[in-house]
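Naming: A, B, ... by sequence-line order, numbering from 1 per chain.
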Amino acid sequence: MQFENVTCPHCGILCDDLSIDVNGSVLKPVNALDKHCMKAYEDASFEESTLFTPIVDGKKTSLDDAIKKASELLNSSKQTLVSGLIADVQSCREAVALTDKLQGVIDHANGSGMIANVAVMQRHGKVKTTLAEARNRADNVIIFGSEVLNRFPRFLDRILSPKKTLGNNSTINKTITIIDSQIATSPIEFNQKNIQYLKLNALSLDSIIQNLQRVVHDNPDPSELHDDDTKALISIYQTMLSSNYTTMVWNTGLFDNDIAEQTVQALTMMIRAIMKTHRCVGLPLGGSKGEITASQVATWQTGVPLPISFSTGAPIHDPLLYNGMSMLENKEADCLVWVATYSPDDTPPKTDIPTIVIGHPKMKIDNDSAVFIPVGVPGIDTRGLACRTDSVATLPLQKIRSVDLPTAQDVLIKITGML
Amino acid sequence: MAIKLTGGEIYDPAHQIDGVKQDLYIVDGKITHVLPENEKVTQTFDLSDCIVMAGAIDLHTHIGGGKVNIARTMMLEDEHAHPDYGNDIRRSGNGHIIPSTFTAGYRYAEMGYTACFEPAVLPVNARQAHMEMADTPMVDKGGYVLLGNDDFLLNMLQDGVRQSTINDYVAWILHASQCIGIKVVNAGGIHAFKFNQRRLDVDEISPAGITPRYIINKLSRAVHELGIPHPLHVHASNLGIPGNFKSTLATMSAAEGLPIHLTHIQFHSYGAEGDYNFSSAACEIAEAINSTPNVTADVGQIMFGQTITTSGDTMMQYFGHEHASPKKWTVMDIECEAGCGVIPFKYKDKSFVNALQWAIGLEIFLQVNDPWRVFLTTDHPNGAPFTSYPHLIKLLMDRSFRNDVFSMIHVEAQKMSNLASMDREYSLYEIAVMTRAAPAKILGLTSQGHLGEGATANITIYRKQNDIEQMFAKPSMVFKNGMQIVKDGEVIKTVIGVTHVVKPDYDASIEKPLTKYFDDYQTISMPNFKISNDEMVECIGSEIEIHPCK
């Protein structure tokens, strides 16, 4: 059977134009798609006869027994970390509810990567746009790092190369500049005439962005002598001033984690400076592991962003104290709940504390002491909702296959009910 | 099984009952005045020193959607300063000016509110708005979906399509977004801002080739012809600009006699007189409301203190960003349909402008004669958090208290306001009109906002006190659908409300041009854009209650 308008939650763009052929338990994308989608549907396919069974202490067991064991572990835990959160809205809602009841700590698997954006937003705010706005309005696009296009393979095709726009020729044939540092992340051949690829002498995207901010701030005279990088950046700045709608695109994960906050801040301040006279916006891309979904749900339910501790009885956000991965490394948690439903590759981090995994049915758990509860994949086995990279659109995930697997949401509700 | 509420003083303006002692019964979640023969009273509450009103309804409060989450993230200091500890029946949360969803629900219930309406649901963000509202317990919810800056509509208007086609689109968007009303924010202005235009007045041609007046006119007609109970809900042009009352009057006239609701009208009632080029035009605005029966308004009263403004009006939010306090702000262009701006503000009684804004709001309340046409709001959180309603009610009901506060605001602002000369004190009956009966009427909620036979048993009971603010802040009891949920101002039971929607009839052939529009320009397919009834229940987490159109 073929399903149309299927939403793919395997990168932050959430393309919803997939046609998926479902034959028993085997899924096959029909239309041309990117590598992430192809792999995700291949990973979710299995032989009809495959039985997925919860595992406790290395042995197959019933769902009820696995839930009972999970609740026993949690009842005897003094500091639980709920993490992963590579999941849909419904699962994230219940993961927050579970953590609230446990007075534990909750963070996303990629919590460290989310801190820079949150911190800059708390300090300065932001100027942003969304995918359709970029597609229709942008006439000048600056992409920091070619790897962005590798991580979001259909961004170029779906957003930056529209056949039609609500604007004119300049929004159809956008001026697109891809900037890389010497440590080029992912050099790609670009055949489109309107794409300029610039490899600067700077050693990182962070320095390029800081330098561009300086150019925007100082407005240097282009006729004076400048080094090659500065010349290129002045030219980029001048293009911004002659454009109607400049969109800056980045993926914070490509920045040096130690200074990502300063880099995002430089982008924000630069956009604001240009905005005084021209339209200029940011379009950070991310959320390929459900970061946006987890972050939105946690924020509306608690009032604060991830990571969050409920140890006092009310939610507290502290990105240093409650960084999930650091807590595991520093042995500050005595039990881990790991929710990761989209891919079998999103296995829990190695740890010797009791671990409860609510995961993709084909996930292999390399930990005999773990409780593993296989659940349906949202967008394949269960209906769900997922939030897109721009934090504005939430898309429905369809149920396109019927298999005998519980939903992560139901499992979390049952565990919480036994505490 | 019946609950008897005996001896209470009833204020039920929908039935012209003004402080009459009367018994009420609750049977199966409904109100009845006579105990049915086969029913037994299982519980009796003696309300002999109490005031009884229907559950209050807030028709304009920003409680859900992306902009609210942006505000929460930006105001970490407010969240942490106001922890809300959970217990066996309540989830934990945070926040005073921009609370988490659970906390917002508990605070509303604790003040005797049983329904709240989010006034800026962006179509593309409707799922998130509904999810946040689904996670707001205790109260019923509903949303007004934002039109008037969306390229699909603007293109249709520019092409001069027939009114019936516009009506079909308006009805379709209500179905697709599961909303109860249509909202316009700075008609055409949010769209113009995307073309770097920084101001747009009501009769100015926008980059879309049409005027805001035309947009308001066509949409108010669509709402009227579709029989949608709630009039077009309008955030007028030029918010916050000195002299903007003229734009507000022009916006009223754009409806050409059809029903129109002007929201947070305080922010749109400014003159440009005096040494500061900022003055009160409350009198002109109130007179216009008094003499124009098709117009209703909510005030959007400001209160002194810290808050954060969240609005779809990117144009005017960007204009105001230099006044941000603390100095941080967010502006977003959104999906060729809208935008949002989020800016923290601290209103100060010693600031001339803020002090006069405060006075202007009260002047409007006191000069609009008909409480059925003016509504009690602070445009939460833009003027102040909704928890300041009891204080606002005291300002309206107690002239000497009001004048005491007035005497402490910026001296020059006092000179520019005639507030001190206004004798009017709102009565309990009038408060019940503007917070219960009138919102229910204007939203088409026939079984809410009153205490008549068969009404939904949403009932708020206040123990009489000398201090009216205290009385309204902590009701002695609140019933939601017949269940007691609050006792002495504290939540004792958690309940989940419904989402109120309307589903006007339309010609489904509108989906043909819409499908083309989505295919050509949008980043979501049309089938995925629409929120179905079963998705509301199964995925978003709220039952819907469909209200008839006229």
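Lys67(B) pairs by the salt bridge (charged side-chain N to carboxylate O under 4.0 Å, His left out) definition with Glu118(B), not counting sequence neighbours.
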Quiz item: Can you list the steps and then say if Trp329(B) with Arg272(A) is a side-chain contact (heavy atoms from CB on, under 4.5 Å)?
Solution: CA-CA 10 Å; Trp329(B) 53 276; Arg272(A) 284 185 181 185; 3.3 Å; yes
Practice problem: Any chance you could lay out the side-chain contact (heavy atoms from CB on, under 4.5 Å) test for Gln296(A) and Gln128(B), step after step, and finish with the verdict? | Solution: CA-CA 9 Å; Gln296(A) 291 281 18; Gln128(B) 181 172 339; 3.2 Å; yes
Quiz item: Checking side-chain contact (heavy atoms from CB on, under 4.5 Å) for the pair Lys126(A)/Met74(B): CA distance, chi angles, key distance, verdict?
Solution: CA-CA 10 Å; Lys126(A) 61 186 178 183; Met74(B) 284 171 67; over 6 Å; no
Exercise. Go through the steps to decide whether Asp333(B) and Arg137(A) satisfy the test salt bridge (charged side-chain N to carboxylate O under 4.0 Å, His left out), and finish with yes or no.
Key: CA-CA 10 Å; Asp333(B) 298 326; Arg137(A) 264 4 130 192; over 6 Å; no
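In this structure, the portion of Asp151(B) lying under 4.5 Å from any heavy atom of chain A is its side chain and not its backbone. Asp390(A) touches chain B through backbone and side chain together, each having a heavy atom under 4.5 Å away. At a 4.5 Å heavy-atom cutoff, Ile343(B) makes no contact with chain A through either its backbone or its side chain. With a 4.5 angstrom heavy-atom cutoff, Ile159(A) touches chain B only via side-chain atoms. For Ser391(A), the part lying near chain B is the backbone, with the side chain staying farther off; criterion is any non-hydrogen pair under 4.5 Å. If you measure heavy-atom distances from Val127(A) to chain B, the contacts under 4.5 Å come from both the backbone and the side chain. The contact between Asn155(B) and chain A is made entirely by side chain atoms (from C-beta outward), counting heavy-atom distances below 4.5 Å. For Met526(B), no part sits under 4.5 Å from any heavy atom of chain A, backbone or side chain. Heavy-atom distances place the side chain of Leu385(A), and not its backbone, under 4.5 Å from chain B. Of the atoms belonging to Val96(A), heavy atoms from both backbone and side chain fall under 4.5 Å from chain B. Both the backbone and the side chain of Thr394(A) come within less than 4.5 Å of a heavy atom of chain B. At a 4.5 Å heavy-atom cutoff, Lys163(A) makes no contact with chain B through either its backbone or its side chain. Contact annotation for Pro99(B): neither backbone nor side-chain heavy atoms come within less than 4.5 Å of a heavy atom of chain A. Proximity to chain B (any heavy atom under 4.5 Å) is shown, for Pro396(A), by both the backbone and the side chain. For Ala134(A), no part lies near chain B; criterion is any non-hydrogen pair under 4.5 Å. Heavy-atom distances place the side chain of Tyr517(B), and not its backbone, under 4.5 Å from chain A. Leu122(B) does not touch chain A: none of its heavy atoms, backbone or side chain, sits under 4.5 Å away.
Salt-bridge annotation for Asp534(B) and Arg383(A): present, with a side-chain N of the basic residue lying under 4.0 Å from a carboxylate O of the acidic one. Salt-bridge formation is detected for the pair Arg388(A)/Glu335(B): a Lys NZ or Arg NE/NH1/NH2 atom is positioned less than 4.0 Å from an Asp or Glu carboxylate oxygen.
Contacts with chain B were tallied for Pro305(A), Ser295(A), Pro162(A), Ala132(A); Ala132(A) has the most, counting heavy-atom pairs under 4.5 Å. Annotation: maximal heavy-atom pairing with chain A below 4.5 Å, among Ile524(B), Asn87(B), Ile531(B), Val124(B), occurs at Ile524(B). Ranked by non-hydrogen atom pairs under 4.5 Å with chain A, the options Tyr521(B), Tyr85(B), Phe529(B) are led by Tyr521(B). Between chain A and the options Gly95(B), Cys340(B), Cys336(B), heavy-atom pairs under 4.5 Å are most frequent for Cys336(B). Counting heavy-atom pairs under 4.5 Å between each of Ser525(B), Gly66(B), Gly93(B) and chain A puts Ser525(B) at the top. Between chain A and the residues Gln522(B), Lys194(B), Glu535(B), Glu337(B), the most heavy-atom pairs under 4.5 angstrom are made by Lys194(B). Each of Lys101(A), His317(A), Arg93(A) has some count of heavy-atom pairs under 4.5 Å with chain B, and the biggest count is that of Arg93(A). Among Asp84(B), Thr101(B), Asn69(B), the residue making the largest number of heavy-atom pairs under 4.5 Å with chain A is Asn69(B). In terms of non-hydrogen atom pairs under 4.5 Å with chain B, the most contact-rich of Leu166(A), Leu14(A), Ile316(A) is Leu166(A). Residue with the most contacts toward chain B among Ala393(A), Ala97(A), Cys15(A): Ala97(A) (heavy-atom pairs, distance under 4.5 Å). Of the listed residues (Thr7(A), Val392(A), Leu131(A), Leu395(A)), the one with the most heavy-atom contacts under 4.5 Å to chain B is Val392(A).
If you take CG on Asn125(B) and OG1 on Thr130(A), they are separated by 10.5 Å, rounding to the nearest 0.5 Å.
Heavy atoms from other residues, nucleotides or ligands lying under 6.0 Å from CD of Gln158(B) number more than 12. At most 12 heavy atoms of other shown residues, nucleotides or ligands fall within 6.0 angstrom of atom NZ in Lys346(B).
In this structure, Glu79(B) contributes its side chain and Val304(A) its backbone to no donor-acceptor pair below 3.5 Å. Side chain of Arg279(A) to backbone of Phe193(B): a donor-acceptor contact under 3.5 angstrom is found.
Donor-acceptor pairing under 3.5 Å is lacking for the side chains of Asn196(B) and Tyr245(A). Of the N and O atoms on the side chains of Asp100(A) and Ser92(B), at least one donor lies less than 3.5 Å from an acceptor on the other residue. For the 3.5 Å distance criterion, the side chains of Asn528(B) and Asp16(A) qualify, holding a donor opposite an acceptor.
Of all non-hydrogen atoms in Arg135(A) and Thr523(B), the two that sit nearest each other are CD-CG2, 4.2 Å. Between Arg72(B) and Thr299(A), the shortest heavy-atom contact is CD-O, 3.6 Å. Residues Thr73(B) and Gln122(A) come closest through the heavy atom pair O-CG, 3.0 Å. The shortest non-hydrogen separation linking Thr277(A) to Arg198(B) is C-NH2, 3.9 Å. In plain terms, the two heavy atoms of Val331(B) and Met275(A) that are nearest each other are CG1-CE, 4.3 Å. The minimum heavy-atom distance between Ser100(B) and Gln301(A), with the atom names listed, is CB-O, 3.6 Å.
Side chains of Val68(B) and Trp300(A) form no contact here, defined as non-hydrogen atoms less than 4.5 Å apart. The side-chain heavy atoms of Met332(B) and Thr129(A), taken from C-beta on, include no pair separated by under 4.5 Å. You'll find the side chain of His124(A) stays beyond 4.5 Å of the side chain of Thr330(B), heavy atoms only.
Contacts between residues 316-327 of chain B and chain A, counted as heavy-atom pairs separated by less than 4.5 Å, involve Tyr318(B), Lys327(B).
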